[in-house]
Amino acid sequence: MNELASGVTLSDKDKRTTLIALLIVFLLAALDMTILSTAMPRIVAELEGLELYAWVTTSYMLASTVLVPIYGKLGDLYGRKLILVIGISIFLLGSMLCGISGEFGDLPLLGDGMQQLIIFRAVKGVGGAALFTSAIGIIADIYPPLQRAKFMGLFGAIFGIASIVGPALGGFLTDYATVTMFGHEIAGWRWVFYANVPLGIVALLMIAYKTPRLNHGSKGVIDFAGAFLILVVFIPFLLALTWGGNRYPWNSPILLGMFAVSAVALVIFVLVERRTPDAIMPMSLFKSRVFVITNLTSFVIGMAFLGVVMFMPLFMQVVLGVNATNSGFSMFPLMLGLMIGSILSGRVVSRTGQYKPFMVGGAAVLIAGVFLLGGIGPETTQLELAWRMVVVGLGLGPSQSLVNLIVQAAFPPQQIGVATSSTQFFRQIGNTVGVAIFGTLLTLNLTAELPRQLPPMPSSAGSPAFDMSQAQSSVMNPGALRARIEGDLEAMLSTLGQAYAGDAAAIAAVQANTQVPAQIREQVQAAATQPLPPAEIDQRLNTLRSLLAGQVDSLVTRIESGVRLAFSNAITSMFSTSLWIILLGFVLSLFIPVISLQRPAPAMHARAEG
């Protein structure tokens with residue numbers, strides 16, 4: 001038996017049960033970040049919301065990110081067990097609501113199915129924000145720092161497992177889980193959300209009945225002003241990063257105004273928090289060099305982490321031609337490296353207490369790995385890609401397991417909750433900023449690359465724009481590309497037939513189409529005064545149709561090759577640009593202070609609630 005507070009003990013069995021429950025909680029949250037990726041194309045097709053594709057992820061990240069420090073403070077005030085139970089309950093409610101999005105058509109205030117999904121994903125994010133913060137805090141309550149290090153390695157490994165299982169599971173459920181119950185068809189993608197529920201209920205029961213109700217004696221009230229200002233600081237900022245270069249130009253008054261609102265709110269937030277006794281993010285945390293430097297390093301590495309993880313499946317599916325489900329399995333080398341780096345660094349640090357060499361070394365290995373990724377291309381084999389991804393994973397692993405350990409060791413028990421939540425907050429902000437920055441880089445790179453790599457598309461009105469969605473679809477669905485080309489050719493021939501018959505609008509369209517040979521344009525111009533008889537028109541069109549039919553295969557191949565090369569160049573250029581960000585993380589890691597991890601378990605000084 002282990003005494004956690006005066007008169008309150010926790011058996012080794014209950015500690016193990018609590019640890020298992022917390023690992024399930026981590027798995028729930030980590031799976032939610034990966035299982036959806038392979039299901040999204042089917043979801044947006046059924047709910048008809050391709051233009052809102054990114055918002056399904058953005059709404060969750062916005063809600064979960066800004067609430068992390070709030071939950072941390074609530075955990076310090078009212079106990080982490082209570083906050084975790086509430087968070088899991090909201091998370092499961094959000095999962096159920098996401099699963100029924102669009103089932104009942106358009107709804108008042110909630111809009112159509114895609115808008116419902118975005119709103120319900122935000123609800124899920126409200127609950128998801130409590131999962132990581134409260135779970136890590138409970139581990140700090142019941143285990144001493146050195147013993148905690150190896151468990152942090154396990155939590156880091158959970159992310160690796162979720163990243164391997166999630167995409168494959170999402171694709172499997174989407175493709176094979178469609179069922180009919182009571183005469184109503186339930187689409188397979190809906191089980192991507194429902195699958196969270198049984199696992200979540202198991203974790204909820206284990207937490208409720210086996211986890212001690214710990215309280216560190218913190219007193220005070222909720223900092224509502226600080227909570228509101230955090231929302232005002234980061235929601236406009238993250239929205240501006242998401243919309244920049246996409247929905248609005250970076251210099252648009254709307255985006256500049258949003259950045260200005262965030263900047264002003266940040267200044268007000270700092271002033272308010274300096275005068276608030278029970279601040280959500282106490283400014284005293286920033287007096288610790290450990291807190292500041294470690295979180296800056298985590299912020300920068302987090303940007304690079306999600307940039308690689310989020311866009312690598314795109315490279316594999318579009319450039320290498322791997323299908324969605326198999327691309328999930330193809331992420332295994334990256335996650336294998338991450339798991340090895342996370343677990344080994346956690347175990348070695350738990351024995352030696354020396355964490356800085358792993359933080360610095362991990363950043364250096366990450367630089368090497370991303371540099372190697374900058375050299376991949378359409379001819380790269382999956383084996384050649386795999387060993388590069390192992391290197392990247394090894395570089396990412398240490399930061400995943402050690403950052404919380406370092407920060408927790410720098411603060412007394414009463415501040416562990418808010419310090420942990422603030423650390424998780426900065427990591428998630430880094431992830432979100434990384435998505436916005438790398439997404440913008442990819443968009444800009446593709447905008448430049450596609451016109452250079454693609455041949456002109458046949459059309460009755462010249463060469464139309466071939467946007468990024470059409471480009472990606474053309475590679476992943478060659479049948480649709482062939483159908484489009486054949487349809488465009490028929491439309492061109494139809495316009496040409498009308499022009500031969502003397503139609504003025506058709507003649508103008510053919511004359512404006514630079515893809516039409518000059519000889520045919522001259523014939524059409526002559527038809528303006530001497531239209532051709534129908535029999536001759538049919539003969540000419542049939543001759544052209546026979547000549548063009550042999551060009552379809554060649555054009556399809558050229559377009560597929562051009563799209564693959566354009567995406568390859570855009571993504572590898574994005575990786576090369578990210579090297580500067582990772583280099584900054586490496587420099588910051590050199591300045592992480594070294595402190596001792598040898599001190600008593602925080603929970604030994606805690607006071608139980610009952």
Side-chain angles (χ1 to χ4, degrees), residues 16 19-20 22-23 26-27 30 33-34 132 135-136 139-140 143-166 290 293-295 297-298 300-302 304-306 308-309 312 331-373 385-410 420 423-424 427 582 585-586 588-590 592-598:
R16 287 193 297 269
L19 177 63
I20 292 171
L22 296 178
L23 288 171
F26 258 69
L27 182 61
M33 299 168 63
T34 60
F132 288 128
I136 293 175
I139 288 294
Y143 290 105
L146 290 181
Q147 192 176 4
R148 197 187 311 151
K150 64 181 178 181
F151 295 132
M152 291 302 180
L154 289 177
F155 285 122
I158 287 292
F159 283 94
I161 294 172
S163 298
I164 295 169
V165 175
V290 175
I293 302 300
T294 303
N295 277 301
T297 304
S298 176
V300 174
I301 298 298
F305 169 71
L306 210 60
V308 173
V309 171
M312 184 53 69
M331 293 294 288
F332 177 76
L334 174 67
M335 297 311 161
L336 177 64
L338 190 149
M339 291 169 63
I340 293 173
S342 177
I343 293 174
L344 288 183
S345 61
R347 287 189 174 275
V348 174
V349 171
S350 71
R351 291 197 300 266
T352 66
Q354 301 297 316
Y355 55 82
K356 186 169 181 177
F358 291 93
M359 291 293 294
V360 175
V365 173
L366 182 59
I367 290 174
V370 175
F371 174 79
L372 292 170
L373 284 181
L385 181 61
W387 69 263
R388 289 173 168 87
M389 292 169 67
V390 169
V391 176
V392 173
L394 288 172
L396 289 169
S399 66
Q400 298 299 304
S401 62
L402 298 180
V403 168
N404 282 310
L405 175 70
I406 298 169
V407 172
Q408 288 175 347
T420 300
T423 297
Q424 187 61 33
R427 186 198 298 270
I582 303 170
F586 171 77
L588 288 170
S589 71
L590 295 174
I592 295 177
V594 176
I595 60 175
S596 174
L597 301 182
Q598 296 280 0

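Along the sequence shown, the residues carry numbers beginning at 1.
Partners of I20 under the side-chain contact (heavy atoms from CB on, under 4.5 Å) rule, at least two apart in sequence or in another chain, are I24, M206. By the side-chain contact (heavy atoms from CB on, under 4.5 Å) test, V348 is found to be paired with R351, T352, F358, residues two or more places apart in sequence or in another chain being considered. Remark: I367 pairs with L579, I582, L583, F586 by the side-chain contact (heavy atoms from CB on, under 4.5 Å) rule, at least two apart or across chains. Partners of S345 according to the side-chain hydrogen bond (donor to acceptor under 3.5 Å, both in side chains) rule, which considers only residues two or more places apart in sequence or in another chain, are S401. Applying the side-chain hydrogen bond (donor to acceptor under 3.5 Å, both in side chains) test to T423 and every residue at least two apart in sequence or in another chain returns N295. With sequence neighbours excluded, the residues forming a side-chain contact (heavy atoms from CB on, under 4.5 Å) with L394 are I340, V365, V390, listed by chain and number.
Side chain of K356 to backbone of P593: no donor-acceptor contact under 3.5 angstrom is found. Here the side chain of Y355 pairs no donor or acceptor atom with the backbone of V403 at under 3.5 angstrom. R388 places a side-chain N or O within 3.5 Å of a backbone atom of L372 that can act as its donor or acceptor partner.
Atom CG in L402 sits 7.5 Å away from atom OG in S342 (nearest 0.5 Å). Here T294 contributes atom OG1 and L588 contributes atom CG; the two are 10.0 Å apart, rounded to the nearest 0.5 Å. We find the CG-CG distance between L27 and L22 to be 12.5 Å, quoted to the nearest 0.5 Å.
The two residues A410 and V290 come nearest to each other via the heavy atoms CB-CG1, 3.9 Å. Annotation for S589 and A363: closest pair OG-CB, 4.2 Å, computed over non-hydrogen atoms.
A heavy-atom distance below 4.5 Å is found between the side chains of T297 and M359.
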